[in-house]
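Below is one structure, written out as structure tokens; comments come after it.
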Amino acid sequence: MPRQNMPNPVLDAILAELDGARTVIDTGCGRGTLARALGKRGFDVTGIDPQMEMIELARAGAPGARFDVASAARLPYPDQSFDAAVFLNSLHHIPVAEMEGALREAVRVTRRGGRIVVVEPLAEGPLFEVLRPVDDETEVRAKAQAVMDRTSFPRLTDVRFERVTTYADEAAFTASLIAGDPGRAEAMAAQADTLRGLLARHARHGPEGFALSQPMRLRSFAA
């Protein structure tokens, strides 16, 4: 399985934004990785995802958190239910027509004075270049940034950093990406030679395997 190099800049950046918060909604929680990490640090986490299979995995991996099947654009919670809302690698997965609504919903369920924290991968960098032949997210990542550019919510933070992930070998890399999105399996098999060439070009190889970096951007807004 892949390893995030320590210290984890993504988690560190999110934790800095959540200073003073206790209750957090993890919007687009996927397998519950963030919920588990926040729970270990004392946060009361609620995660939502539109896919039941992801919610089941999240419940198994982070039993101390609450998870619900729900749309980010139609959250089933009362106004001001949480101290903060986090979108980690999830805004660009929301249908483009619903992205703005998802941000509005996050503001609605976050208490006044709380924060909306959005962490998104940028359409650049070694990992992006390796994945481009099988899952080119250039357009949808740009649209997620554009939605944040034009939002009227007060802007608090805007930082960029690198997320570096180390993989033991090519099989671990492939398994990780398919686990994140099973729909990639067929394309990755068909493009195996292309991916191998791109890994040779873009990855940093070392004794523990190879590393790929991904530029990230964190923006936070006041609720």
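Treat the numbers as computed from the prediction; the structure is a model and nothing was measured.
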Shortest non-hydrogen pair, P133 vs L198, comes out as CG-CD1, 3.5 Å
If only atom types and distance count, is the side chain of R141 paired as donor or acceptor with the main-chain N or O of L122 below 3.5 Å? yes
Atom pair OG1 (T46) and CZ (R66), whose distance is rounded to the nearest 0.5 Å: 5.5 Å
With clusters defined by side-chain heavy atoms of hydrophobic residues (ILVMFWY) lying less than 4.5 Å apart, directly or transitively, does L88 cluster with I94? no
So, taking the atom named OG in S71 and the one named CD in E98, what distance separates them when rounded to the nearest 0.5 Å? 5.0 Å
Which atoms form the tightest heavy-atom contact between A58 and F67, and what is the distance? O-CE1, 3.4 Å
Taking all non-hydrogen atoms of both residues into account, name the closest pair between A65 and A35 and its distance. CB-CB, 4.4 Å
Just by distance, do the side chain of S81 and the backbone of P78 share a donor-acceptor pair under 3.5 Å? yes
Within the side chain of D49, is there an N or O that forms a donor-acceptor pair under 3.5 Å with the backbone of G30? yes
Is R41 reaching over with its side chain to a backbone N or O of A37, donor-acceptor style, under 3.5 angstrom? yes
Do side-chain atoms of D181 reach the backbone of G183 as a donor and acceptor pair under 3.5 angstrom? yes
Test item: V24 and D44 side chains (from C-beta on) under 4.5 Å apart, heavy atoms: no
R74 side, atom CZ; I48 side, atom CD1 - distance, nearest 0.5 Å: 10.5 Å
Evaluate side-chain contact (heavy atoms from CB on, under 4.5 Å) for L195 paired with M188, printing each intermediate quantity in order. CA-CA 8 Å; L195 290 175; M188 292 190 74; 3.8 Å; yes
Taking all heavy atoms of N8 and all of L11, pick out the closest pair and write down the distance. OD1-N, 3.2 Å
Inspect the contact between R150 and E100 and indicate whether a charged nitrogen and a carboxylate oxygen are less than 4.0 angstrom apart. yes
Expected output: side-chain T27 to main-chain F87 donor-acceptor under 3.5 Å: no
Answer yes when E56 and R59 have at least one side-chain N-carboxylate O distance shorter than 4.0 Å, and no when they do not. no
Please report the interatomic distance CZ(F153) to CZ(R115), rounded to the nearest 0.5 Å. 15.5 Å
Evaluate T165 against F173 for side-chain contact (heavy atoms from CB on, under 4.5 Å), listing each step before the verdict. CA-CA 10 Å; T165 306; F173 170 74; over 6 Å; no
Report yes or no: does R112 contribute a side-chain atom to a donor-acceptor pair with the main-chain N or O of T110 at less than 3.5 Å? yes
Drop me the distance from L127's CG to E162's CD, to the nearest 0.5 angstrom. 10.5 Å
D83 and R111 ion-paired at < 4.0 Å: yes
Is it the case that T166 and E208 place a side-chain donor and acceptor less than 3.5 Å from each other? no
Is a side-chain donor-acceptor pair under 3.5 Å present for R219 with Q145? yes
For a 4.5 angstrom cut-off between non-hydrogen side-chain atoms, does L199 reach Y167? no
Taking all heavy atoms of R31 and all of A179, pick out the closest pair and write down the distance. NH2-O, 2.8 Å
Any donor and acceptor pair, going by atom type alone, linking the side chain of E105 with main-chain N or O of L75 inside 3.5 Å? yes
For the residue pair R132 and T138, establish whether any side-chain heavy-atom pair is separated by less than 4.5 Å. yes
Tell me if a side-chain donor or acceptor on Q214 pairs with a main-chain N or O of A123 at a distance below 3.5 Å. no
Output all residues satisfying ring pair (Phe, Tyr, Trp, His ring centres under 6.0 Å) with Y77, sequence neighbours left out; order by chain, then residue number. F82
Audit row: L34, I14, side-chain contact (heavy atoms from CB on, under 4.5 Å) steps and yes/no: CA-CA 10 Å; L34 177 63; I14 291 172; 4.1 Å; yes
Non-hydrogen side-chain atoms of M148 and L91 separated by less than 4.5 Å: yes
For E129, does the CD atom sit with more than 12 other heavy atoms under 6.0 Å from it, leaving out its own atoms? yes
Honestly curious: do V130 and V134 fall in one hydrophobic cluster under the side-chain, below-4.5 Å linking rule? yes
Shared ILVMFWY cluster between V119 and I25, side chains joined below 4.5 angstrom? no
Are V109 and V107 connected, step by step, through hydrophobic side chains (Ile, Leu, Val, Met, Phe, Trp, Tyr) whose heavy atoms are closer than 4.5 Å? no
Co-membership, hydrophobic cluster, residues V117 and L156, 4.5 Å side-chain: no
List in chain and number order the residues that pass side chain to side chain contact (heavy atoms under 4.5 Å, CB included) with D19, two or more places apart in sequence or in another chain; answer none if no residue qualifies. none
For residues R163 and P215, determine if any side-chain heavy atom of one lies less than 4.5 Å from a side-chain heavy atom of the other. no
Measure the shortest side-chain to side-chain distance between H93 and V140 over non-hydrogen atoms and say whether it is less than 4.5 angstrom. no
Taking it one step at a time, do F161 and V10 satisfy side-chain contact (heavy atoms from CB on, under 4.5 Å)? CA-CA 8 Å; F161 50 88; V10 177; 3.6 Å; yes
So with a 6.0 Å cut-off around CD of E186, is the heavy-atom count from everything else above 12? no
Just so I know, are the side chains of L177 and L131 near enough to count as touching, which here means a heavy-atom distance under 4.5 Å? yes
So which atom in F43 and which in L15 form the shortest heavy-atom distance, rounded to 0.1 Å? CE1-CD2, 3.8 Å
Side chains of E170 and R196, heavy atoms from C-beta outward: is any pair under 4.5 Å? yes
I'd like to know if E120 and R217 make a salt bridge, using a cut-off of under 4.0 Å between side-chain N and carboxylate O. no
For T157, is there any backbone N or O sitting under 3.5 Å from a side-chain donor or acceptor partner on S220? yes
How long is the span from the CG atom in L212 to the OG atom in S176, to the nearest 0.5 Å? 10.5 Å
